[in-house]
Amino acid sequence: MRIGIVGATGIVGRELVSLLATSKLKATELRLSATTRSVGKKVATHLGEQNIAELNVGFFSGLDLCFFCVSGGVSETWVPVAKAEKVLCIDNSSRYRMEADVPLVVPEVNGELLRGQPQIIANPNCIVSPLTVALNPIQLKFGLEDLCISTYQSVSGAGHEAMAQLETELTNYPGRLSQGQGQFLLNIIACIGSCDSRGHSQEEMKIIQETRKILDLPALPMAVTAVRVPVKRSHCQAVTFITKCRTSAEEIRQVLSAGDVRVSDVAPQPIAVQGTNQVYVGRIRENREHRPRSYSFWLAADNLRKGAALNALSIAEHWWALQ
Ligand SMILES: NC(=O)c1ccc[n+]([C@@H]2O[C@H](COP(=O)([O-])OP(=O)(O)OC[C@H]3O[C@@H](n4cnc5c(N)ncnc54)[C@H](OP(=O)(O)O)[C@@H]3O)[C@@H](O)[C@H]2O)c1
């Protein structure tokens with residue numbers, strides 16, 4: 001299979017290059033691209049060293065599949081070009097996620113959407129893929145009436161420039177830290193992206209809209225607070241939900257353990273889950289001081305794996321298996 005990656009020098013693109021080495025997708029050719037600044041740079045891949053190529057119409061010619069690991073604006077320019085070349089496009093940006101005719105896919109949850117032979121497939125937000133993996137079996141068995149989430153998102157979720165900023169702050173510490181409002185080290189930023197007139201951040205609205213779309217619950221009441229924390233990699237979530245049917249913390253634990261989630265008594269920590277492929281859930285409990293049928297758990301997953309590159313690759317593997 002001939003595979004392209006646009007944004008191959010970014011934090012998600014690099015993770016994808018490395019995951020392709022052990023993928024069920026057998027790449028016979030790997031074409032990599034980024035900005036003109038990066039053209040000619042060499043990237044180590046399982047097919048040997050590849051040069052970053054210029055991004056133009058010719059880049060897509062003859063590809064079977066292309067991953068887009070770039071911003072929404074860049075995807076908006078180049079996904080239609082790739083589509084016109086009959087290349088399957090798997091887009092990591094938010095640009096196409098809420099388009100009615102574009103499936104937003106977490107294979108364990110709604111992989112059947114790939115049977116429709118879409119030409120553009122959207123990969124969800126880094127919070128939403130792990131979250132829906134955990135919530136889907138609960139929704140199927142007990143029903144979800146209400147959902148409330150607070151996120152604890154690592155700096156790698158903001159891309160390679162943010163990671164470089166954190167490295168600089170770490171190098172300078174304990175000297176002067178002059179990043180002000182945007183400082184990552186020793187700080188918490190409780191607004192990811194700009195806020196709308198009602199006070200919701202862009203990240204919070206993405207999490208709400210995408211979770212509803214994937215779980216096929218368009219009216220699910222949701223409240224989200226999305227927060228950046230001074231952690232390099234892996235995102236955590238405090239998840240509270242009300243079920244429709246009466247259940248127990250133990251039954252929720254059993255349902256999650258039977259599925260695609262690693263369950264533990266303790267809260268999984270970002271440092272322990274980085275570089276792994278699973279979704280981890282711990283501290284499942286009934287909120288006896290809240291409302292009937294109210295439960296909480298703590299979730300952790302690697303934002304660059306299940307939250308981004310791994311889910312994109314898994315979409316491609318499922319799509320290929322259906323060909
Ligand atoms: N990081 C995460 O945890 C995560 C999770 C889920 C989804 N996503 C989404 O995935 C996408 C990539 O995120 P990231 O974190 O990997 O960002 P990143 O580290 O900032 O990487 C951005 C990539 O895009 C390339 N690029 C920028 N402008 C371009 C242009 N005009 N033409 C071609 N290539 C261009 C960059 O190339 P240069 O190196 O040459 O500048 C780089 O390869 C974003 O849409 C992001 O929202 C990220």
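Read the numbers this way: they start at 1 and go in the same order the structure lists the ligands and their atoms. Since the structure is predicted, the reported quantities are computational estimates derived from the model, not experimental observations.
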Using a 4.0 Å cut-off to any heavy atom of [X], which atoms of ligand 1 qualify?
X: Ser38; value: 38 (P), 39 (O), 40 (O)
X: Ser93; value: 45 (O)
X: Gly157; value: 1 (N), 2 (C), 3 (O)
X: Gly307; value: 5 (C), 6 (C)
X: Arg37; value: 41 (O)
X: Ala308; value: 5 (C), 6 (C)
X: Ile11; value: 1 (N), 14 (P), 15 (O), 16 (O), 19 (O)

Are the side chains of [Y] and [X] in contact, using a 4.5 Å heavy-atom criterion?
X: Lys232; Y: Ser154; answer: no
X: His160; Y: Arg14; answer: yes
X: Ile5; Y: Leu20; answer: yes
X: Leu114; Y: Ile121; answer: yes

Take every heavy atom of Glu161, measure it against each atom of ligand 1, and state whether any distance is under 4.0 Å.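 It does not, in that no heavy atom of Glu161 comes within the 4.0 Å cut-off of ligand 1.
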Just distances here: any N/O of Ser94 and N/O of ligand 1 closer than 3.5 Å?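 Between Ser94 and ligand 1, no N or O pair is found under 3.5 Å apart.
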Is there a nitrogen or oxygen of Gly7 sitting under 3.5 Å from a nitrogen or oxygen of ligand 1? yes
Is ligand 1 under 4.0 Å from a heavy atom in the side chain of [X], in the backbone, in both, or in neither?
X: Val74; answer: side chain
X: Leu304; answer: side chain
X: Asn123; answer: neither
X: Ser33; answer: neither
X: Ser71; answer: backbone

Tell me if the CZ atom of Arg285 is crowded by more than 12 foreign heavy atoms within 6.0 Å.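 Yes, enclosed.
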Evaluate side chain to side chain contact (heavy atoms under 4.5 Å, CB included) for Leu16 paired with Cys69, printing each intermediate quantity in order. CA-CA 9 Å; Leu16 195 50; Cys69 308; 3.8 Å; yes
Side chains of [X] and [Y]: do they bring a donor and an acceptor to under 3.5 Å?
X: Asp91; Y: Ser75; answer: yes
X: Gln153; Y: Gln237; answer: no
X: Asn287; Y: Ser296; answer: yes
X: Asn303; Y: Ser234; answer: no
X: Glu161; Y: Gln165; answer: no

Restricting to non-hydrogen atoms, name the atom on Pro268 and the atom on Ser264 that form the minimum distance, rounded to 0.1 Å. CD-OG, 4.3 Å
Under-4.0 Å protein heavy-atom contact, atom 38 (P) of ligand 1: yes
Tyr295 and Phe142: side chain to side chain contact (heavy atoms under 4.5 Å, CB included), yes or no, with the steps? CA-CA 12 Å; Tyr295 302 90; Phe142 310 113; over 6 Å; no
Write out the residue and atom name of the closest protein heavy atom to [atom], then the distance separating them to 0.1 Å.
atom: atom 19 (O) of ligand 1; value: His160 N, 2.8 Å
atom: atom 3 (O) of ligand 1; value: Asn303 ND2, 3.0 Å
atom: atom 33 (C) of ligand 1; value: Ala34 O, 3.3 Å
atom: atom 8 (N) of ligand 1; value: Asn92 O, 4.0 Å
atom: atom 4 (C) of ligand 1; value: Val12 CG2, 3.6 Å
atom: atom 36 (C) of ligand 1; value: Thr9 OG1, 4.0 Å
atom: atom 17 (O) of ligand 1; value: Gly159 CA, 3.9 Å
atom: atom 45 (O) of ligand 1; value: Val70 O, 2.6 Å

State plainly whether one hydrophobic cluster holds both Val6 and Ile120, where clusters connect Ile, Leu, Val, Met, Phe, Trp and Tyr through side-chain heavy atoms under 4.5 angstrom apart. yes
Which option, Asp91, Ile5, Thr77, Thr35, owns the non-hydrogen atom nearest atom 27 (C) of ligand 1? Thr35
According to side-chain hydrogen bond (donor to acceptor under 3.5 Å, both in side chains), does anything in residues 305-320 pair up with another residue at least two apart or in another chain? List the pairs.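 Sorted pair list: Glu15-Arg305, Ser23-Glu317, Glu108-Lys306, Asn123-Asn311, Asn277-Arg305, Lys306-Asn311.
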